[in-house]
Amino acid sequence: MNKTDNQKTTLPIETMRHSCAHVMAQAVLELYPGTKLAIGPSTEDGFYYDFDPQGQHKFSELDFVQIEQKMKEIIRSKQEFVREEISKEEALSRFEKENEPYKLEIIQDLDDGTITLYKNGPFVDLCRGPHVQNTSEIKAFKLLSVAGAYWRGSEKNPMLQRIYGTCFLTKEELADYLLRLEEAKKRDHRRVGKDLKLFTTSPEVGAGLPLWLPNGATIRRILERYIVDMELAEGYQHVYTPVLAKTELYKISGHWDHYRGSMYPPMALDDDELVLRPMNCPHHIQIYKSEGVRSYRELPLRMAELGQMFRLEKSGELTGLSRVRSMCLNDAHIFCTEEQIHEEIIKALQMVEKAYKDLGFTPDTYTYRLSLGDRNDTVKYVDNPAMWDKAENELRVVFKELNLPHYEAPGEAAFYGPKIDIQLKNVLGKEETVSTIQVDRHLPERFQLEYIGEDGKPHQPIMIHRGIISTMERMTAFLIEYYAGAFPVWLSPVQAIILPIKDSVNDFALNFHLELQKMGLRVNLDIRNEKLGYKIREAQVQKIPYMLVIGEKELQENKVAVRRRDGKDLGAMSIDDFKSLIQDDINSKRSRFE
RNA sequence: GCUGGAGUAGCUCAGCUGGUAGAGCAACGGUUUCGUAAACCGUAGGUCAGGGGUUCGAUUCCCCUCUCCAGCUCCA
């Protein structure tokens, strides 16, 4: 490897992808003249270009063969990329002449001064560059999909047609990437969820309203017990509150103004209106208020619930278990004093770390994000600069103190305050917010919360909203993909399956089954009239961690032959040995066999 | 919600330009009692997502609805 030698001649992959986007646009224009061009950048693992075919054509994947063919011709004809610098006025008149309305709009928004164009063959595009020197440098590319995209990302603007593609330095890298996409699809929680009978949906029940099947329900129950136990140990009090409330409650909280659009429509009841709740905080606030006067001695008051909530997400946003219209959140609200904020945030972060470790997430799968507000956007965010400064600072201090690597994300805060979000990367590399810790002085103000301080005077408590393992739906979706369905033993819907080889050992197997059930194991017994290979294959496909084979030999020796999900044969062992083996997996929450 | 694509047996899929459907696996019945990823034979299974239209005739063509997929937008 002579890296240093290559560095000058090897062009960054982004440049090549961007050039490839130009070539695609060029091909599209040749095939469909009159198509208007919008933008065409490189992305994390490819590129896209947005087109407006002026209603003349609708792109579909069937067009790809033709477009790719044309692209190959352009690449083969070794067209030079030439940079040209012109004035803004000249650029305006050029693209005016070309009749490119989107390009004109972009130029109009640019600063005065020189504007750069890139030209290859007959094709000219407004572009900052850089590009490869020659189209022939584009090596391995493939068009992937076509989809709609709003002009400038706003749903108020017309929708353009976006063609996605990718491009690599070598054919091998491209093939590798396509293979990775295929592999990722195999782990897709929707697919695995079906194969392993974890959850289903029904058109009669409705979109975005998943039904948990027994196997999925088992995983969920284990997760729920796990997190509730942790919270009780950490000084939380668990409550139950109803899944609906009067609209009035959300008018007071301010959610009505901010999120009415994604709340279920209210139902009329006598003189009142009820809505399905989109979050749990206002209910918890009512519990805080139920005592009348709270004392500083009660703080921090940590109130938790596995709260079922309902959000009317747009139909196109729904995805399996990770984006749904009814979900159960691992939610809690900590009512505390100013002085207690710091420690409570740290405690919550420690719970997150503990949970991730127990769930087997390696540090490279998650990142900390500080989600900030926008002082200029008083529509989306509560208008109270001092409050924002204070809360954002409190979160920054924690990061600094714990020396946690993180990044800041302006415009990602809740309407009432900033958040620490913990982002998990899913199989396709997409980030999802899972855990969150939020400092809120707004809702306590709206609901006029109070406690009597040491000084005998009333004060306003701070609320910390925090979620450790997110919604049961989203966490389960993530776990499915993270483990590709091969769950750690403690989470597995079925932890072991007993496979008798012939009828004559059935009684022995039955007793063994009872014995394992008695110790609380989730264990199946397969006494069907099938060959061992068949039973093993089926158990393997179901990703059951342990297969316990019982034949004549095992019966004689009062043992069991243990085969692990990863194919390893652990040989025959005494029943007690197997019990302690699997009990150790469960107790240690071992996540993978090595 | 928007743009594009799709929906055939429980699952995975085949079915050319209109003539009312097929395979493998699963299920069920039988034979087989078997040693680490699929024994053999047979049976049954479909309002071709739902509704409307064109046609002598629609799984196939057109319209509407539902659901799903990719992306955009959004995510308290």
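Throughout, a chain's letter reflects where its sequence line sits, starting with A, and its residues are numbered from 1. Model, not experiment: these values are computed from the prediction.
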**Student:** Give RNA chain B the dot-bracket treatment, 5' to 3': Watson-Crick (N1-N3 with N6-O4 or O6-N4) or G-U (N1-O2, O6-N3) under 3.5 Å, [ ] crossing, | other strand.
**Tutor:** (((((((..((((.....[..)))).(((((.......))))).....(((((..]....))))))))))))....
**Student:** Which heavy-atom pair separates A:R565 from A:S492 by the least distance, and what is that distance?
**Tutor:** NH1-OG, 4.0 Å
**Student:** Below the 4.0 Å mark, does B:U36 have OP1 or OP2 next to a side-chain nitrogen or oxygen of A:R565?
**Tutor:** no
**Student:** Within this structure, what is the CD-to-C1' distance between A:E155 and B:C75, rounded to whole angstrom?
**Tutor:** 13 Å
**Student:** Are A:Y102 and A:F51 an aromatic pair by the rule of ring centers under 6.0 Å?
**Tutor:** no
**Student:** Using a heavy-atom cut-off of under 4.0 Å over every strand shown, decide if A:G316 touches base, sugar-phosphate, or nothing.
**Tutor:** base
**Student:** Tell me if the centroids of the rings in A:F415 and A:H255 come within less than 6.0 Å of each other.
**Tutor:** yes
**Student:** Using the P atom as the point on both nucleotides, what is the distance between B:A14 and B:G24, in whole Å?
**Tutor:** 16 Å
**Student:** How close or far is atom C1' of B:G29 from atom CD of A:E530, stated in whole angstroms?
**Tutor:** 14 Å
**Student:** Is the Lys NZ or Arg CZ of A:R162 less than 6.0 Å from the centre of A:Y48's six-membered ring, within 45° of the axis?
**Tutor:** yes
**Student:** Taking OP1 and OP2 of B:U36, is either one under 4.0 Å from a side-chain nitrogen or oxygen of A:R564?
**Tutor:** no
**Student:** Please work out if A:K553 contacts a base, only the sugar-phosphate, or nothing of the nucleic acid, heavy-atom cut-off 4.0 Å.
**Tutor:** base
**Student:** Applying salt bridge (Lys or Arg N to Asp or Glu O under 4.0 Å) between A:E392 and each of A:R441, A:R375, A:K419, report the one that passes.
**Tutor:** A:R375
**Student:** Are any of A:K380's side-chain N or O atoms less than 4.0 Å away from OP1 or OP2 of B:A76?
**Tutor:** no
**Student:** Counting side-chain heavy atoms from CB outward, which of B:A76, B:U12, B:C68 is closest to A:M263?
**Tutor:** B:A76
**Student:** For A:D569 and A:Q161, find the nucleotide of RNA chain B closest to each by heavy atoms; which residue's nucleotide sits nearer the 5' end?
**Tutor:** A:Q161
**Student:** Could you tell me whether the side chains of A:T433 and A:D421 share a donor-acceptor contact shorter than 3.5 Å?
**Tutor:** no
**Student:** Rounding to the closest angstrom, what is the interatomic distance between B:U65 and B:U3 at atom P?
**Tutor:** 12 Å
**Student:** In whole angstrom, give me the gap between the C1' atoms of B:G30 and B:A44.
**Tutor:** 14 Å
**Student:** Would you classify A:K156 as touching base, sugar-phosphate or nothing, given that sugar-phosphate means primed atoms plus P, OP1 and OP2, and contacts are heavy atoms under 4.0 Å?
**Tutor:** nothing
**Student:** Suppose we call a contact any N or O donor and acceptor under 3.5 Å apart; does that hold for the side chain of A:R311 and the base of B:C75?
**Tutor:** no
**Student:** Would you indicate which nucleotide in B:G71, B:G35, B:C2 comes nearest to any side-chain atom of A:Y164?
**Tutor:** B:G71
**Student:** Is there a ring pair (Phe, Tyr, Trp, His ring centres under 6.0 Å) between A:Y164 and A:Y49 once you walk through the steps?
**Tutor:** CA-CA 7 Å; A:Y164 283 93; A:Y49 213 111; over 10 Å; no
**Student:** Does B:C74 have OP1 or OP2 sitting under 4.0 Å from an N or O in the side chain of A:K314?
**Tutor:** no
**Student:** Would you mind classifying the nucleic acid contact of A:K419 as base, sugar-phosphate or nothing, using non-hydrogen atoms under 4.0 angstrom?
**Tutor:** sugar-phosphate
**Student:** Looking only at the side chain of A:Y416 (C-beta and beyond, no hydrogens), which of the listed nucleotides B:U3, B:G1, B:A76 gets closest?
**Tutor:** B:A76
**Student:** If we take the P atom in both B:G4 and B:G19, what is their distance in whole Å?
**Tutor:** 29 Å
**Student:** Taking only the C1' atom of each, what is the distance from B:C66 to B:G51 in whole angstrom?
**Tutor:** 10 Å
**Student:** With the side chain counted from C-beta on, respond yes when A:L144 and A:F64 share a heavy-atom pair under 4.5 Å apart, and no when they do not.
**Tutor:** no
**Student:** Once the angle between the rings of A:Y416 and A:H465 is folded into 0 to 90°, is it parallel (under 30°), tilted (30 to 60°) or perpendicular (over 60°)?
**Tutor:** parallel
**Student:** Among A:I536, A:L548, A:V560, which residue meets the side chain to side chain contact (heavy atoms under 4.5 Å, CB included) test with A:L499?
**Tutor:** A:I536
**Student:** Could you check whether A:E412 gets within reach of a base, just the sugar-phosphate, or nothing at all, counting any heavy atom under 4.0 Å?
**Tutor:** nothing
**Student:** What interatomic distance, in whole Å, is found between C1' of B:U55 and the corresponding atom of B:G18?
**Tutor:** 9 Å
**Student:** Could you check which of B:C75, B:A70, B:G35 has an atom nearest any side-chain atom of A:R323?
**Tutor:** B:C75
**Student:** Tell whether A:S262 reaches the base of B:A76 with its side chain through a donor-acceptor pair below 3.5 angstrom.
**Tutor:** yes
**Student:** Does A:Y150 make a side-chain donor-acceptor contact with the base of B:G1, cut-off 3.5 Å?
**Tutor:** yes
**Student:** Can you say whether a donor on the side chain of A:R191 sits under 3.5 Å from an acceptor on the base of B:C11, or the other way round?
**Tutor:** no
**Student:** Dump the intermediate steps for ring pair (Phe, Tyr, Trp, His ring centres under 6.0 Å) on A:F478 and A:Y483, then the final yes or no.
**Tutor:** CA-CA 9 Å; A:F478 188 84; A:Y483 288 112; 8.9 Å; no
**Student:** How is A:R162 classified with respect to the nucleic acid when contacts are heavy atoms under 4.0 Å: base, sugar-phosphate, or nothing?
**Tutor:** sugar-phosphate
**Student:** In terms of the nearest nucleotide of RNA chain B, which residue is placed more toward the 5' end: A:D503 or A:Q438?
**Tutor:** A:D503
**Student:** I need the residues from residues 537-546 of chain A with at least one non-hydrogen atom less than 4.0 Å from RNA chain B; give them sorted by number, or say none.
**Tutor:** A:R537, A:Q540
**Student:** Side-chain donor or acceptor of A:E313 under 3.5 Å from a matching atom on the base of B:G1?
**Tutor:** no
**Student:** Would you say A:K194 places a side-chain N or O within less than 4.0 Å of OP1 or OP2 belonging to B:U12?
**Tutor:** yes
**Student:** Work out how far the P atom of B:G22 is from that of B:C40, and round it to whole angstrom.
**Tutor:** 24 Å
**Student:** With the side chain counted from C-beta on, respond yes when A:F447 and A:P282 share a heavy-atom pair under 4.5 Å apart, and no when they do not.
**Tutor:** yes
**Student:** Is A:Y534 near enough to B:A26 that one of its side-chain N or O atoms lies under 4.0 angstrom from OP1 or OP2?
**Tutor:** yes
**Student:** Nearest to the A:A147 side chain among B:C75, B:G71, B:G1, which nucleotide is it?
**Tutor:** B:G71
**Student:** When you compare B:A58 with B:G53, how far apart are their P atoms, in angstrom units rounded to a whole number?
**Tutor:** 11 Å
